[in-house]
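Letters A, B, ... are given to chains in the order of the sequence lines, protein chains preceding strands, and every chain is numbered from 1. Everything quoted here is computed from the prediction, not taken from an experiment. Just the heavy atoms: all of them, side chains too, but no hydrogens, waters or symmetry mates, feed the values below.
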Amino acid sequence: MPELPEVETIRRRLNTVIHNHTIKSTSVHNAKLRWPIAPDFAKQLSHATIHSFERRAKYLLMQTDRGIVIIHLGMSGSLTVNSGNHPLETHTHVEFHLKDGRSLRYRDPRRFGSMHWIPDKPLAHPLLRNLGPEPLDEGFNGDYLYQASRNRRVAIKNLLMNSRIIVGIGNIYASEALYLAQINPIRRSDRIACVRYQNLARAVKSVLESAILAGGTTLRDYVDAAGNPGYFKQNLLVYGRQGALCNLCQTQIRNRTIGQRSSYYCPHCQR
DNA sequence: CCCGATTCCTGTAGGC
DNA sequence: TGCCTACAGGAATCGG
């Protein structure tokens, strides 16, 4: 399921294979995503030239000379570049046919994703307007997290997954970062000392950067823009490893539900 | 404002 | 082998 490292991996790949390529036509096979694709979507993008792909949180921003497409991959979305004659896979909802014969395809079996065209000012869009800082920006640090945690009684794992506080962290990397920082995921965010938030901020940056280097985490069906899986799964320390032994203390990794999401942690190391 | 619960969706796994 | 159910999760939205 694409979190920040997966979206960033896709973004980088797209920028290497699509630069100043022009859209010949756009096909919307199924407009019923998380939000319906607007009826004029294909028309707005006819003959648009794609300049680059940017990222904000888990959103991809396709920059063209005819506006911007805000793309979210939900939990099962992929965006791949195919040769024009590549067989169309099921659940391919949108195709951008490029002039050079290739097609950029948006596929999303579970349809939790979305696609919006806007003329300009993407950061003012309602979906992006209220997002917290990027975890890999220098402005994000332990002091920021500590301040954000004051007067908030939620479990720290829920704080990490709140995109108004900090973006890009989903269920996998929240568990991994808390393990690295040795913080119990259920601990109330307002009962964690400042020094521990310094560790947590470093852990967040570390796990996200490592995952990007590995090309993201493929649990089942994540692939990048060229169809390649990511290899961070072999580096996961707790996520999905219920019953396995903690690398540090040999205690069994536990799984419990926090905020309607499965969470993995070491009950001995994480306090 | 804060926060927990609900909701959308489909592929997969597990039980019988 | 086949049917049924539970589960996976990003994030908006709703209700208290």
Legend entry - End-to-end axis angle, where each axis spans five pairs of the helix from B:dC2-C:dG16 to B:dC16-C:dG2, to 10°: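 Axis angle across the helix from B:dC2-C:dG16 to B:dC16-C:dG2, nearest 10°: 50°.
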For the [atom1] atom on [X], are there more than 12 heavy atoms of other groups (residues, nucleotides or ligands in this structure) within a distance under 6.0 Å?
{"X": "A:R153", "atom1": "CZ", "result": "no"}
{"X": "A:R150", "atom1": "CZ", "result": "yes"}
{"X": "A:N130", "atom1": "CG", "result": "yes"}

Inset, instruction - Using a 4.0 Å heavy-atom cut-off across all strands, classify A:Y173 as base, sugar-phosphate, or nothing. - result: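 The answer is nothing, as A:Y173 stays clear of every strand by at least 4.0 Å.
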Inset, instruction - Report which part of the nucleic acid A:S262 touches: base, sugar-phosphate, or nothing (heavy-atom distance under 4.0 Å, all strands). - result: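 The residue A:S262 makes sugar-phosphate contact but no base contact.
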Legend entry - Full working for side-chain contact (heavy atoms from CB on, under 4.5 Å) between A:E6 and A:T217: CA-CA 7 Å; A:E6 291 74 33; A:T217 300; 3.6 Å; yes
Atom pair [atom1]/[atom2] of [X] and [Y] - distance to nearest 0.5 Å:
{"X": "A:K157", "Y": "A:I169", "atom1": "NZ", "atom2": "CD1", "result": "11.0 Å"}
{"X": "A:Y173", "Y": "A:S206", "atom1": "OH", "atom2": "OG", "result": "12.0 Å"}
{"X": "A:Q44", "Y": "A:I118", "atom1": "CD", "atom2": "CD1", "result": "11.5 Å"}

In whole Å, I'd like the distance from the [atom1] atom of [X] to the [atom2] atom of [N].
{"X": "A:R220", "N": "C:dG9", "atom1": "CZ", "atom2": "C1'", "answer": "11 Å"}
{"X": "A:N255", "N": "C:dA8", "atom1": "CG", "atom2": "C1'", "answer": "12 Å"}
{"X": "A:D221", "N": "C:dA8", "atom1": "CG", "atom2": "C1'", "answer": "11 Å"}

Legend entry - A:R12: partners by salt bridge (charged side-chain N to carboxylate O under 4.0 Å, His left out), with sequence neighbours left out: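 Salt bridge (charged side-chain N to carboxylate O under 4.0 Å, His left out) list for A:R12, sorted by chain: A:E8.
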Legend entry - Co-membership, hydrophobic cluster, residues A:L33 and A:L73, 4.5 Å side-chain: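 Hydrophobic grouping puts A:L33 with A:L73.
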Inset, instruction - Report yes or no: do A:V69 and A:I37 belong to one cluster of Ile/Leu/Val/Met/Phe/Trp/Tyr joined by side chain heavy-atom distances under 4.5 Å? - result: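 Linked, A:V69 and A:I37 end up in one cluster.
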Inset, instruction - Give, ordered by number, those residues of residues 152-160 of chain A having at least one heavy-atom distance below 4.0 Å to an atom of DNA chain B; if nothing qualifies, reply none. - result: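 Of all residues in residues 152-160 of chain A, the ones placing a heavy atom under 4.0 Å from DNA chain B are A:R152, A:R153, A:V154.
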Inset, instruction - Between A:R110 and A:N151, just flag the one whose closest nucleotide in DNA chain B comes earlier from the 5' side. - result: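 It is A:N151 whose nearest nucleotide is closer to the 5' end.
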Legend entry - Base versus backbone protein contacts along nucleotides 10-16 of chain C [heavy-atom cut-off under 4.0 Å; B, S, -]: BBS----
Show me the donor-acceptor pairs within less than 3.5 Å that the side chains of residues 227-252 of chain A make with the rest of the protein, sequence neighbours left out.
{"unit_1": "A:R241", "atom_1": "NH1", "unit_2": "A:L237", "atom_2": "O", "d": "2.8"}
{"unit_1": "A:Q242", "atom_1": "OE1", "unit_2": "A:N255", "atom_2": "ND2", "d": "3.4"}

Inset, instruction - Would you grab the first and last nucleotide of DNA chain B (5' to 3') that comes under 4.0 Å of any non-hydrogen atom in chain A? - result: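 The contacted stretch runs from B:dC2 to B:dT12.
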Legend entry - Minimum heavy-atom distance A:R110-A:S76, with the two atoms named: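 Smallest heavy-atom distance, with atoms named: N-OG, 3.0 Å.
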Inset, instruction - Kindly assign one of parallel, tilted or perpendicular to the pair A:W35 and A:H116, based on the angle between their ring planes and the thresholds 30° and 60°. - result: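 Taking A:H116 first and then A:W35, their aromatic rings sit tilted (interplane angle of 30° to 60°).
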